[in-house]
Amino acid sequence: MTIKIAIAGVGGRMGQALLRAADAATPVVGASERPGSPWLDQPLPAPFGAIRPQALAFEAARDAEVWIDFTTPQAALAALEGLAGTHVRAAVIGATGFTSEQDAQIAQHARRIAIV
């Protein structure tokens, strides 16, 4: 079974590492990057050249089943909000520094999708 993933923050160090790791493991079908980034709407390096990072999570995750996010607490929470209308059924969040209130918001989203 193949799981289609979308990666948040593909222009950053972790985003780049996730792209390299996914290259051999599973298909990347979407990517996001922060507003104003030079990576926005530009083709990713081979073999992902057909993918153009989007600023909005729901656009980046249009064809994805899993969202992988190692960005910031604020960006991760905004992405979880945006993923509500997509086919994403799980999220892996590697951001750190969440407040108690933000942890509670993640718990609310975990009622809808699986979150690690």
Side-chain angles (χ1 to χ4, degrees):
M1 180 167 111
T2 302
I3 298 172
K4 298 174 189 171
I5 65 170
I7 299 172
V10 294
R13 288 185 309 235
M14 280 304 300
Q16 290 290 297
L18 289 166
L19 270 178
R20 286 189 300 275
D23 182 26
T26 189
V28 176
V29 297
S32 75
E33 189 51 53
R34 64 180 160 63
S37 168
W39 287 80
L40 274 181
D41 205 29
Q42 297 300 312
L44 292 177
F48 306 109
I51 298 170
R52 294 173 179 266
Q54 302 298 309
L56 300 174
F58 78 90
E59 291 175 343
R62 183 170 296 138
D63 299 319
E65 299 165 298
V66 176
W67 179 259
I68 302 177
D69 193 323
F70 279 70
T71 58
T72 66
Q74 296 81 6
L77 286 168
L80 288 174
E81 287 289 330
L83 295 173
T86 68
H87 296 290
V88 170
R89 60 182 193 228
V92 177
I93 300 174
T96 61
F98 289 95
T99 66
S100 297
E101 181 180 300
Q102 290 169 324
D103 283 339
Q105 291 173 352
I106 291 171
Q108 289 291 352
H109 288 289
R111 293 179 179 195
R112 180 177 43 83
I113 63 173
I115 299 178
V116 176

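Each residue takes its place number in the sequence, starting with 1. These figures come from a predicted structure and were not determined experimentally.
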Taking all heavy atoms of A61 and all of A6, pick out the closest pair and write down the distance.
CA-CB, 4.1 Å
Heavy-atom closest pair (L80 atom, I93 atom, distance to 0.1 Å) is CD1-CD1, 3.7 Å
Linking I/L/V/M/F/W/Y whenever their side-chain heavy atoms sit closer than 4.5 Å, directly or via other members, would F70 and V88 fall into one cluster?
no
Any link between L77 and M14 through a network of hydrophobic side chains (Ile, Leu, Val, Met, Phe, Trp, Tyr) touching at under 4.5 Å?
no
Which residues share a side-chain hydrogen bond (donor to acceptor under 3.5 Å, both in side chains) with T96, sequence neighbours left out
none
Knowing that exactly one of E33, R52, R34 qualifies, which makes a side chain to side chain contact (heavy atoms under 4.5 Å, CB included) with W39?
E33
Considering all heavy atoms of both residues, which atom of D69 and which atom of A75 are nearest to each other, and what is their separation?
OD2-O, 4.2 Å
Less than 4.5 Å apart, side chain to side chain, heavy atoms only: is that true for V92 and W67?
no
For I115 and A110, the nearest pair of non-hydrogen atoms, with its separation, is CD1-N, 3.7 Å
Other than L56, which residues form its hydrophobic cluster under the rule that side-chain heavy atoms must be closer than 4.5 Å?
F58
Applying side-chain hydrogen bond (donor to acceptor under 3.5 Å, both in side chains), can you list everything that pairs with Q102, at least two apart in sequence or on another chain?
T99
side-chain hydrogen bond (donor to acceptor under 3.5 Å, both in side chains) filter on R112, not counting sequence neighbours, yields H109
Between T26 and the options I5, V66, I68, the side chain to side chain contact (heavy atoms under 4.5 Å, CB included) test singles out I5
Under 4.5 Å side-chain heavy-atom separation, chaining through any Ile, Leu, Val, Met, Phe, Trp or Tyr, what else clusters with L40? Say none if it is isolated.
none
Non-hydrogen side-chain atoms of P53 and D41 separated by less than 4.5 Å:
no
Between V29 and I51, is there a side-chain heavy-atom distance shorter than 4.5 Å?
no
Grab the two heavy atoms, one from A91 and one from I113, that are nearest each other, plus how far apart they are.
CB-CD1, 4.0 Å
Which heavy-atom pair separates P35 from A55 by the least distance, and what is that distance?
CG-CB, 4.5 Å
Can you name the residues that form a salt bridge (charged side-chain N to carboxylate O under 4.0 Å, His left out) with R89, not counting sequence neighbours?
E65
